[in-house]
Number of protein chains: 2
Amino acid sequence: MPRKRNAHRSPDLPTLADVARLAGVSEITASRVVRDRGPIADSTRTRVLTAIAELGYIPNRAAGSLASAGSTLMSVLLPSLSNIVFPDVLRGIHSALTHTAYQPVIGVTDYDPLIEERILLSFLAWQPAAVILAGLHHTPTARRHLEHGRFRVAELMDIDGDPVDIAVGMSHRQAGYETGRHLVQRGYRRFGYAGHSVATDDRASARYEGLCTSLREAGLSLIAEHRQPGPSSTKAGRESLEILLGAEPSLDVVVFPNDDMAMGGIFHCMHSGIAVREKLGIFGFNGLDIGQAMPMPLSTILSRRFLIGLTAAEKLIESRERPQEKTIINTGFDIIEGATA
Amino acid sequence: MPRKRNAHRSPDLPTLADVARLAGVSEITASRVVRDRGPIADSTRTRVLTAIAELGYIPNRAAGSLASAGSTLMSVLLPSLSNIVFPDVLRGIHSALTHTAYQPVIGVTDYDPLIEERILLSFLAWQPAAVILAGLHHTPTARRHLEHGRFRVAELMDIDGDPVDIAVGMSHRQAGYETGRHLVQRGYRRFGYAGHSVATDDRASARYEGLCTSLREAGLSLIAEHRQPGPSSTKAGRESLEILLGAEPSLDVVVFPNDDMAMGGIFHCMHSGIAVREKLGIFGFNGLDIGQAMPMPLSTILSRRFLIGLTAAEKLIESRERPQEKTIINTGFDIIEGATA
DNA sequence: TTATTTTATGACAGCGCTACCATAAAACGC
DNA sequence: GCGTTTTATGGTAGCGCTGTCATAAAATAA
């Protein structure tokens with residue numbers, strides 16, 4: 001016995017068949033108008049569009065996706081939303097997708113590759129057109145799915161490694177390295193590092209290692225370091241610097257893993273009457289607006305988060321097919337001299 | 001002539017039929033195991049799960065969605081991602097969805113109801129289980145779809161109005177009102193307002209009006225105000241205060257639409273040697289961490305962004321059916337006395 | 001003119017899954 | 001022991017759309 005049409009649906013939403021009937025054309029022709037595919041006579045198009053407007057027709061993307069074995073969804077997997085960095089990336093992605101049919105589906109991994117894998121698999125159930133992830137480090141299972149899937153893949157932020165398809169970002173190792181060179185050149189010798197405890201933030205680790213390398217080459221090293229438990233925040237930066245200076249008051253410069261924490265460092269200095277730059281240099285990473293709006297602009301490195309997201313999404317929608325060649329796009333970085341180091 | 005199975009697909013992904021065949025059960029039984037529905041014998045479940053693992057089966061959500069006329073997608077429409085406020089809301093939403101099957105699809109409206117309408121319609125094509133929007137003000141078309149759709153609806157941030165289904169947030173009018181009362185009580189008399197030009201930020205407007213009302217009741221009024229062109233930012237706050245004080249140096253307190261801009265105001269004072277609180281009170285809105293990490297914590301109002309997102313998403317997934325009664329949840333706010341006003 | 005290409009449209013099956021109904025076997029009530 | 005409920009499973013149709021192939025009409029070429 002056939003199930004009553006739309007038996008479990010209410011109210012009865014108009015379908016493409018309703019549109020076709022009203023416009024006096026076949027379903028497939030109506031479909032072509034909706035998708036703007038193939039040759040359609042102007043008069044036909046008009047009739048169909050009128051019918052669509054009249055019925056308030058909304059296409060069913062699940063049906064379309066099933067029939068065509070593909071969707072216009074773009075899976076975006078970000079490590080975190082707490083820091084403005086990833087919302088900035090997301091803004092860039094969104095900006096590239098604004099006037100396209102693509103829609104971002106987002107997941108948050110908490111910097112955990114296993115969570116990333118779990119969310120990735122659940123996203124793949126939607127047959128996304130593309131997947132965006134942060135970093136080049138994934139679980140073997142995730143990597144396997146990324147490599148064999150029929151979708152484009154972009155790995156963001158970092159470019160030190162071998163991407164699946166497209167990588168867009170900068171060399172964090174080099175950023176750390178240049179931070180060290182810059183500060184040594186400015187005369188700083190007694191280096192401290194005030195970080196946080198999320199060890200899986202691969203980018204922060206890469207910058208840290210780059211910093212150590214350049215110090216080593218200059219015959220120097222980190223005299224003291226402290227990692228505050230928990231995630232990165234302004235408060236954590238403030239506390240971290242306080243503890244660091246308590247243990248080792250002789251430092252003349254402290255590098256932070258990002259601007260938020262560096263701002264906290266500056267606040268600690270303001271509170272404790274430590275003359276920033278003269279007595280203690282403070283250096284961050286990211287080049288956030290707020291740091292540059294301070295009376296004493298933060299010395300930091302500008303990362304181009306928005307551009308990274310924008311570029312990645314634009315590249316992804318260029319072609320449905322994954323090309324033979326892998327693409328690596330270096331968005332670079334700039335040292336912002338600022339007034340704090 | 002029948003189309004070759006999976007003709008336009010490569011490689012051939014395993015389907016539920018493959019799983020069922022390998023496990024020696026019917027498709028529907030395999031489907032029940034995947035979805036954890038109905039009574040299944042333990043031995044059967046095990047066989048099916050083994051088959052799933054062996055084949056690396058990933059369910060096709062488009063097919064599932066089509067067959068069941070519903071999805072596990074949650075459409076999230078936010079005005080902006082530039083300010084940390086909406087990422088905070090998104091974190092809350094995400095947090096509520098973490099161990100559920102729901103997945104957020106996000107769109108950014110730029111505070112424009114027409115863009116909101118356009119994105120909403122494109123999201124409805126996925127038959128979402130729920131829709132989350134900011135504010136209670138939408139286009140008539142959007143409102144109509146929200147009211148007649150077979151999905152739950154949550155309108156976030158503001159509760160001053162008539163929601164479609166669920167509203168979660170606080171009264172921004174009241175927050176503005178309390179801001180005025182608080183500052184008058186602390187002895188401030190010569191009020192200024194340093195805002196930005198995005199007139200469609202309904203919440204900021206509501207707070208502004210609440211502030212004006214309480215000042216009026218106290219026999220006072222805004223002596224001067226300035227709105228910096230463009231969106232809210234720390235830099236805009238700094239510039240806005242500078243212009244405001246240039247036009248009216250006699251102010252003893254300035255209210256900002258949010259903490260970002262208020263921080264900019266403080267930076268202007270630091271730069272110009274104006275003693276904050278003694279010479280000029282500064283008041284913000286949101287209670288961002290960074291403002292509280294300053295040596296002189298920002299006087300502001302704590303809005304509970306994370307909680308708003310979390311509560312809304314939790315409420316939405318409680319039931320698929322929209323209840324008769326509308327729900328309004330007031331997450332409230334707190335005045336943070338701080339040290340700047 | 002006639003042959004060929006281009007333009008415009010349609011018939012139809014099937015994408016992979018789940019709602020609906022049916023059924024058989026096991027457990028339970030009295 | 002016999003009817004009733006519960007548990008476990010399956011057959012089948014169809015969700016709404018689009019890929020494939022076919023076809024007719026119009027435009028172009030020879």
Side-chain angles (χ1 to χ4, degrees), chain A residues 1-10 12-21 23-48 52 55 57-72 101 124-127 150, chain B residues 1-10 12-21 23-48 52 55 57-72 101 124-127 150:
Chain A
M1 183 186 313
R3 162 165 49 160
K4 251 204 316 287
R5 181 169 175 285
N6 268 340
H8 59 293
R9 287 162 171 76
S10 70
D12 229 358
L13 291 176
T15 71
L16 197 57
D18 299 322
V19 171
R21 201 174 308 118
V25 299
S26 70
E27 269 192 71
I28 187 66
T29 299
S31 171
R32 285 184 185 121
V33 172
V34 170
R35 289 177 296 149
D36 209 13
R37 290 276 171 80
I40 298 284
D42 283 348
S43 63
T44 308
R45 185 193 313 280
T46 307
R47 284 212 316 288
V48 173
I52 286 173
L55 295 173
Y57 169 70
I58 294 180
N60 183 329
R61 288 298 310 137
S65 194
L66 177 60
S68 67
S71 78
T72 53
L124 293 186
W126 289 103
Q127 317 225 82
R150 292 193 68 249
Chain B
M1 182 187 312
R3 164 167 45 163
K4 250 206 313 289
R5 180 168 175 284
N6 268 339
H8 58 296
R9 286 161 173 76
S10 69
D12 230 357
L13 292 175
T15 70
L16 197 57
D18 299 322
V19 171
R21 202 174 307 119
V25 299
S26 71
E27 269 191 72
I28 186 67
T29 300
S31 171
R32 286 186 183 118
V33 172
V34 170
R35 288 176 297 147
D36 208 13
R37 291 275 170 81
I40 297 285
D42 282 348
S43 63
T44 306
R45 185 193 313 279
T46 308
R47 284 214 314 289
V48 173
I52 286 172
L55 293 173
Y57 169 71
I58 294 180
N60 183 329
R61 291 294 313 134
S65 194
L66 178 60
S68 67
S71 77
T72 53
L124 293 186
W126 289 104
Q127 316 228 83
R150 294 194 66 247

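Convention: sequence-line order gives letters A, B, ...; per-chain numbering from 1.
To the nearest angstrom, P of C/dC17 lies 10 Å from CG of B/L13. One can place CG of A/D36 at 13 Å from P of C/dA8, the figure rounded to the nearest angstrom. At whole-Å resolution of the value, CD1 in A/I52 and P in D/dC17 are 10 Å apart. Between the CZ atom of A/R61 and the C1' atom of D/dG16 there is a distance of 11 Å, rounded to whole Å. Rounded to whole angstrom, the span from the CG atom of A/D18 across to the C1' atom of D/dC15 amounts to 14 Å. Between the P atom of D/dC17 and the CD atom of A/Q127 lies a distance of 17 Å, rounded to the nearest Å. Protein atom CG of A/L16 is 19 Å distant from nucleotide atom P of D/dG14, rounded to whole Å. As rounded to whole Å, 10 Å separates atom P of C/dA11 from atom CD of A/E27.
Between the CD1 atom in A/I40 and the CZ atom in A/R47 there is a gap of 10.5 Å [rounded to 0.5 Å]. We find the CG-OG distance between B/L16 and B/S26 to be 9.0 Å, quoted to the nearest 0.5 Å. Note that the CD1 atom of B/I28 and the CZ atom of B/R37 stand 10.5 Å from one another [nearest 0.5 Å]. Annotation: the span from A/T15 atom OG1 to A/Y57 atom OH amounts to 7.0 Å, rounded to 0.5 Å. The CZ atom of B/R45 sits 11.5 Å away from the OG1 atom of B/T29 when rounded to the nearest 0.5 Å. Taking OG of B/S71 as the start and CZ of A/R61 as the end, the distance is 13.0 Å to the nearest 0.5 Å.
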Polar-atom pairs under 3.5 Å, protein N or O versus N or O of nucleotides 23-27 of chain C: list them with distances, or write none.
none

Set out, line by line, the N/O atom pairs under 3.5 Å between protein and nucleotides 7-9 of chain D.
from, atom 1, to, atom 2, distance (Å)
D/dT9, OP1, B/T44, OG1, 2.5
D/dT9, OP2, B/A41, N, 2.8
D/dT9, OP2, B/T44, OG1, 3.4

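By the 4.5 Å heavy-atom criterion applied to side chains, A/V48 and A/V19 are counted as neighbours. The shortest side-chain heavy-atom distance between B/L55 and B/R21 does not fall under the 4.5 Å cut-off. Using a 4.5 Å cut-off on side-chain heavy atoms (C-beta onward), B/W126 and A/I58 make no contact.
Of the two residues near DNA chain D, B/A30 and B/A63, the one whose nearest nucleotide lies more 5' is B/A30.
Here A/R37 does not reach the OP1 or OP2 of D/dT18: none of its side-chain N or O atoms lies under 4.0 Å away.
Comparing C/dC17, D/dG16, C/dA19 by their closest approach to the side chain of A/L66 singles out D/dG16.
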